[in-house]
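Small disclaimer: the values here were computed from a predicted structure and weren't measured.
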Amino acid sequence: MQRTGRWGLWTLAALVALLMAPAIGSAGQGKISAQTRKCLECHQSTPGVVKQWQESAHAREGVGCFECHQAKKGESDAMDHYGFTVSVIVSPLDCGTCHPKEAEETSNSHHAQAGDILNSQDGLLGQTVGGAPAVVVGCRQCHGSIVKTNPDGTLDPTTWPNTGVGRVNPDGSKGSCSACHTRHRFSKEQARKPESCGKCHLGPDHPQKEVYEESKHGILYRAFEKDMNMGSDKWVPGVDYFDAPTCSTCHMGATPDRPVTHDVGSRLSWNLRSPVSNRTADWQKKLGGMKDVCSACHGAPFVTSFYQQLDDAVGLYNNKFAIPAKAIRDRLMQEGILSKGNFDEKLDWTYWELWHHEGRRARHGAAMSGPDYAWWHGFYDIAKNFYTGLLPEAKEACDKAGKPEVYEQIMKQYIEGQPEHAWFVKGFDPKRLDEIKKYYEERYHQKVM
Amino acid sequence: MQRTGRWGLWTLAALVALLMAPAIGSAGQGKISAQTRKCLECHQSTPGVVKQWQESAHAREGVGCFECHQAKKGESDAMDHYGFTVSVIVSPLDCGTCHPKEAEETSNSHHAQAGDILNSQDGLLGQTVGGAPAVVVGCRQCHGSIVKTNPDGTLDPTTWPNTGVGRVNPDGSKGSCSACHTRHRFSKEQARKPESCGKCHLGPDHPQKEVYEESKHGILYRAFEKDMNMGSDKWVPGVDYFDAPTCSTCHMGATPDRPVTHDVGSRLSWNLRSPVSNRTADWQKKLGGMKDVCSACHGAPFVTSFYQQLDDAVGLYNNKFAIPAKAIRDRLMQEGILSKGNFDEKLDWTYWELWHHEGRRARHGAAMSGPDYAWWHGFYDIAKNFYTGLLPEAKEACDKAGKPEVYEQIMKQYIEGQPEHAWFVKGFDPKRLDEIKKYYEERYHQKVM
Amino acid sequence: MQRTGRWGLWTLAALVALLMAPAIGSAGQGKISAQTRKCLECHQSTPGVVKQWQESAHAREGVGCFECHQAKKGESDAMDHYGFTVSVIVSPLDCGTCHPKEAEETSNSHHAQAGDILNSQDGLLGQTVGGAPAVVVGCRQCHGSIVKTNPDGTLDPTTWPNTGVGRVNPDGSKGSCSACHTRHRFSKEQARKPESCGKCHLGPDHPQKEVYEESKHGILYRAFEKDMNMGSDKWVPGVDYFDAPTCSTCHMGATPDRPVTHDVGSRLSWNLRSPVSNRTADWQKKLGGMKDVCSACHGAPFVTSFYQQLDDAVGLYNNKFAIPAKAIRDRLMQEGILSKGNFDEKLDWTYWELWHHEGRRARHGAAMSGPDYAWWHGFYDIAKNFYTGLLPEAKEACDKAGKPEVYEQIMKQYIEGQPEHAWFVKGFDPKRLDEIKKYYEERYHQKVM
């Protein structure tokens with residue numbers, strides 16, 4: 001049986017390791033280059049980084065400081081460092097020397113484009129409404145900075161330290177492998193843990209980490225992580241482990257029929273980030289890839305029905321809330337009641353958070369089985385914001401502008417005629433209200449409403 | 001000494017396990033039925049689920065796929081599956097065949113009634129204000145759906161996948177054992193971990209998981225989980241483990257004098273969910289049960305004083321905030337200033353969150369020793385909402401309705417005469433304010449207020 | 001190599017422990033005093049606490065119940081307990097008998113002063129706006145109560161149970177060692193875990209735990225905790241462990257050149273808690289201490305540039321938001337438009353949360369590399385609150401008071417002339433807006449703004 005067998009194997013492994021330790025150690029050290037040996041001597045002053053590296057696969061294979069950090073004179077971030085020409089940043093081009101498939105997949109992925117956010121509304125908010133130093137310690141630590149070099153090859157402190165996943169490097173490449181494979185262990189195991197993705201995929205606007213943690217997947221991961229062979233080479237679900245997936249399993253991991261990929265968007269069939277969700281290009285193929293992962297543990301009826309629930313939730317978000325909310329704001333801008341696209345009115349913020357924060361939470365909650373995020377942090381907040389924020393703010397803006405008829409037209413077009421919004425105009429069904437009052441009295445022994 | 005002794009035991013256990021592994025493995029496999037063997041053959045297509053089961057006590061005891069999923073022709077969710085008659089859902093009636101005590105306790109518990117929420121204000125909010133698909137991916141994933149079957153025995157995707165703890169099953173039973181004992185390991189150890197309860201007991205309206213994690217109990221659990229024999233059979237605190245309780249310890253766990261129970265409400269002496277807290281039926285007996293658990297580690301004076309602090313906090317919530325807030329809203333509804341029980345006015349939402357979100361956070365924070373939840377997410381938010389939300393919104397509603405005298409009467413009756421609200425009318429004590437200003441200047445070397 | 005070598009050592013250690021277990025056990029037990037043996041006999045009624053202690057270094061050294069809890073007749077909290085004179089609370093004076101350096105450092109630290117909060121605005125909010133019982137279960141569980149004794153030596157339940165770090169003990173000492181070294185293991189290992197600090201350093205007003213968890217430091221800790229020798233004696237980063245720091249590493253931990261300290265503020269060069277951040281006394285020396293820790297893993301250019309990013313972020317917070325916000329509120333109070341220092345107006349709460357909640361989140365996020373807290377929970381919330389809360393509320397207050405000219409003057413002085421606020425008056429740069437619209441259309445295939 002698995003459990004018992006594994007115990008035995010672990011004990012054996014430990015004994016074997018004990019016997020082989022000095023030999024393996026020397027083997028690895030024997031491959032270390034003369035230059036790297038020199039680096040290691042001085043860098044006893046930063047001993048942690050040396051020891052991290054000593055634990056890495058790099059050290060075992062003789063890939064050391066110099067092999068990665070060496071630079072050519074004339075490169076913009078090349079600098080003289082005690083007689084060596086090195087650069088601080090090791091870019092995907094450098095890593096790609098040994099890991100070409102990974103580097104190429106990453107370069108073609110959403111991750112490499114993360115820095116383009118600087119051109120978006122988020123970027124405008126950050127730079128203009130927040131301020132440049134807030135962007136340095138905030139947005140860019142995930143999205144990546146455009147790293148600038150000083151004439152001596154050192155790095156501009158407003159652009160580095162930075163390991164944002166879409167960092168634009170001095171050599172023109174995009175990305176930072178150490179965003180996920182943290183320096184200087186560069187560990188597969190660590191990068192597969194949900195916390196690694198959670199450095200950036202968390203918070204009010206895209207709480208994937210929180211959703212995962214409250215999902216059955218996250219609960220099982222927390223319970224059985226120790227049994228999941230997190231450091232194994234291929235790490236195929238259903239083969240090398242079977243208790244739960246991590247982020248990496250579903251979005252990147254190998255299956256029996258499919259290789260690992262560093263193109264993180266290649267299994268996403270919905271765009272759940274945009275104001276109104278739409279299908280991604282070639283979505284059916286992408287969906288097939290994701291379902292291939294699901295089927296390591298779930299039968300086809302489960303998977304099909306799960307996606308039905310997700311699609312319905314996305315439809316509700318789009319049609320009941322997102323599309324009308326945008327249309328209402330557009331109308332107010334067309335009428336000159338709101339200024340165009342600025343953040344100078346409350347309603348601008350309300351609409352922004354409705355799609356960019358709450359709307360994503362609802363959709364991500366649904367997509368990754370986190371009911372608390374789907375409802376309380378998601379649809380509940382959307383509905384509350386729509387009915388007690390957006391609509392009253394629209395009314396107030398129309399009244400202030402002396403155009404109350406615009407609000408009346410908006411109500412007529414988007415609210416009154418729509419059965420899903422009928423309650424807002426007519427109130428709840430009185431019979432239903434009475435039933436609820438009775439239910440509460442039984443449950444709580446008091447009048448609640 | 002414990003620590004040393006345990007190390008020795010683990011090593012011994014590992015050695016014994018190593019020797020016995022093949023024998024135990026065969027023993028378990030030997031008991032597997034012919035039908036289940038057939039299931040396992042095909043289900044190599046979903047290998048994860050097979051391997052999870054192989055790790056389970058079920059596998060060791062020869063309880064396999066067919067033993068649990070078999071159905072009788074004519075049952076509403078019976079379906080033909082490659083020559084076998086099976087149902088997808090294994091209900092508490094099925095589990096109760098082998099686990100009758102657990103199934104009965106669960107059926108009589110609050111958990112089994114969780115689906116009734118569909119009849120409450122939460123349900124109305126979800127269905128009407130949110131929308132049906134939001135309820136499917138949100139509320140019902142915890143509370144449970146009413147599972148509907150198609151004519152061929154397959155399950156309606158708007159009602160399944162679902163493992164809500166109050167699920168109404170096709171056989172009429174209520175509940176889902178796999179809500180906590182997740183498929184297909186059905187592990188005691190996993191169900192005892194706080195994350196398992198935290199799938200549902202978290203978030204803005206009942207953050208028990210978050211409160212636990214910030215409490216000393218949660219801190220110790222995180223530090224010493226590995227020493228806590230989480231998978232042991234009886235798992236009695238003070239006997240099998242002693243570092244910390246989990247949710248399961250206090251609400252369900254055995255003590256030297258008391259058996260384990262799956263009736264999760266049987267030790268709750270306060271109803272901390274209702275708008276105004278009241279005692280549960282037979283509360284003294286229930287409190288005795290809980291104190292029995294406390295006394296595994298705490299002396300009587302500690303326990304008594306702890307409950308004094310909780311009772312005082314509940315009293316503050318009830319008398320200063322919850323009762324007046326409800327009375328004020330009732331008055332506004334009686335006067336026709338607010339519509340009755342609908343969610344069409346801001347004040348409806350304010351009152352709702354005051355008791356359903358913030359009021360629970362304060363009470364749960366106090367009940368489980370999470371100071372940040374008791375205060376910042378609890379009483380602080382309640383007070384802020386009461387004084388800067390509910391009261392000004394009441395005033396505005398009265399003014400709009402042309403009945404400013406109603407607000408004056410409310411203020412006279414509930415605020416002005418009450419010493420606990422006196423500051424809102426008269427301002428802070430000026431002497432106290434001066435002291436604070438001095439304190440801040442010393443502490444921060446600047447004028448703060 | 002490290003990894004392999006360690007495996008060998010662990011296995012050896014386990015074998016040695018196995019052989020030595022009974023001997024060590026007896027040795028420890030042999031030192032236990034007769035009085036403590038008596039305590040242990042009766043306290044089989046609270047077996048958990050006995051077993052926790054048996055796992056402690058105290059037990060191994062023969063320091064038992066009586067050694068710590070013994071009291072002298074006449075001490076205010078001395079009580080007769082089955083013939084022994086004991087006190088429930090073991091204060092830093094008691095612990096200092098054996099641990100004088102730690103007790104003294106703690107007594108001179110910020111931690112020991114945490115109870116003074118009762119004299120601050122927080123204290124006023126708690127007592128007056130919240131209510132005494134909320135302070136008991138909230139504020140004081142972290143900040144500490146002033147413990148009162150009853151005539152028979154028992155403790156007043158409104159002041160105890162309490163292990164707040166600034167507790168004022170019956171013997172006049174300040175602090176509670178068990179705030180971090182939880183009873184009754186008093187473990188170094190446990191106190192070094194971030195959860196221990198996170199009992200209090202979390203939540204909306206100072207989310208250090210959350211910031212740490214989302215930082216690279218926290219991510220690596222979660223991945224490699226098992227390799228970090230958390231219980232080792234000196235625990236020097238770069239020597240005893242190297243994967244990540246915990247709170248304790250940076251704020252208290254030993255380095256090769258520096259002893260461990262229990263004075264938790266001794267490496268803080270900025271006050272990031274005050275409304276406007278200022279340097280601490282002797283800040284350069286304190287900064288040197290912190291940088292000494294950083295250099296276990298990071299080179300000088302990294303550390304220097306990191307602090308440049310932090311200093312810029314603090315400057316942005318101070319100059320763009322905190323100083324103007326305070327000046328605006330001061331002006332409104334001077335004009336009699338707001339009452340002085342009370343919490344009776346919305347703007348009082350807005351300003352309070354701007355510095356005490358959001359402003360700290362931004363600064364702590366920047367200081368500990370948590371980008372989501374620096375931006376979304378920090379500067380984003382500050383900016384949103386400043387522009388859509390504080391300013392409109394100031395306008396409304398001026399209008400209500402019949403002094404619209406005061407708001408105009410405020411706008412002229414603090415907003416219109418300042419380039420960093422220009423967008424609020426003039427709108428965004430139209431060219432930039434157009435670029436963003438195009439970017440979104442490409443990214444999301446829809447019109448976003």
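Using a 4.5 Å cut-off between heavy atoms, B:T128 contacts chain A through both its backbone and its side chain. Both the backbone and the side chain of A:K384 come within less than 4.5 Å of a heavy atom in chain B. For B:H184, no part sits under 4.5 Å from any heavy atom of chain A, backbone or side chain. Of the two parts of B:R273, the backbone and the side chain both hold a non-hydrogen atom closer than 4.5 Å to a non-hydrogen atom of chain A. Looking at B:M333, only its side chain comes within 4.5 Å of chain A, counting heavy atoms on both sides. Contact of A:F321 with chain B is made through the side chain alone, with heavy-atom distances under 4.5 Å. Heavy-atom distances place the side chain of A:Q308, and not its backbone, under 4.5 Å from chain B. The contact between A:F379 and chain B is made entirely by side chain atoms (from C-beta outward), counting heavy-atom distances below 4.5 Å. Heavy atoms closer than 4.5 Å to chain B are found nowhere in A:H421, neither backbone nor side chain. Contact of A:K447 with chain B is made through backbone and side chain together, with heavy-atom distances under 4.5 Å. For chain B, the nearby part of A:Q446 is the side chain; its heavy atoms alone come within less than 4.5 Å.
Taking chain B as the reference chain and counting heavy-atom pairs below 4.5 Å, the highest number among A:S295, A:A383, A:A366 is found for A:S295. Most heavy-atom pairs under 4.5 Å with chain A: of the set B:S45, B:G48, B:S339, this distinction falls to B:G48. Counting heavy-atom pairs closer than 4.5 Å to chain A, the top-ranked of the candidates B:V49, B:T158, B:V129, B:L155 is B:V129. By number of non-hydrogen pairs under 4.5 angstrom with chain A, the leading residue of B:T280, B:T182, B:N271 is B:T182. Comparing B:Q113, B:E353, B:K209 by heavy-atom pairs within less than 4.5 Å of chain A, the highest count is held by B:E353. Highest contact tally toward chain B, considering only A:L316, A:V425, A:D312, A:D429, is held by A:L316 [criterion: heavy-atom pairs under 4.5 Å]. Counting heavy-atom pairs under 4.5 Å between each of B:G131, B:G164, B:C142 and chain A puts B:G131 at the top. Put simply, of A:C297, A:S369, A:A374, the one with the most heavy-atom pairs under 4.5 Å next to chain B is A:C297.
Proximity of the aromatic rings of A:F302 and B:W160 is defined here by a centroid distance below 6.0 angstrom, and this criterion is met. Ring to ring, B:W53 and A:F242 are not that close: their centroids are 6.0 angstrom or more apart.
Side-chain contact check for A:W423 and B:N342: no donor-acceptor pair (N or O, by modelled atom type) lies under 3.5 Å.
Using a 4.5 Å cut-off between non-hydrogen atoms, the part of residues 387-394 of chain A that approaches chain B consists of A:Y387, A:T388.
A 4.5 Å side-chain heavy-atom check between B:S187 and B:H181 finds every atom pair outside the cut-off. Side chains of A:T246 and A:Y241 form no contact here, defined as non-hydrogen atoms less than 4.5 Å apart. Residues B:M79 and B:D152 are not in side-chain contact: their nearest non-hydrogen atoms beyond the backbone lie 4.5 Å or more apart.
Using a 30° and 60° split on the angle between ring planes, B:W355 and A:Y440 fall in the perpendicular class, above 60°.
Ion pairing of A:K226 with A:D243 is absent here, as no side-chain N (NZ or NE/NH1/NH2) approaches a carboxylate O to less than 4.0 Å. A salt bridge links A:D399 with A:K395; the closest basic N to acidic carboxylate O contact falls under 4.0 Å. Between A:E441 and A:K438 no salt bridge is recorded (no basic side-chain N to carboxylate O distance below 4.0 Å).
Atoms CG and CZ, from B:L125 and A:F428 in turn, are 6.0 Å apart once rounded to the nearest 0.5 Å. If you take OH on B:Y351 and CG on B:D348, they are separated by 11.0 Å, rounding to the nearest 0.5 Å.
Partners of A:K193 according to the side-chain hydrogen bond (donor to acceptor under 3.5 Å, both in side chains) rule, which considers only residues two or more places apart in sequence or in another chain, are A:E225.
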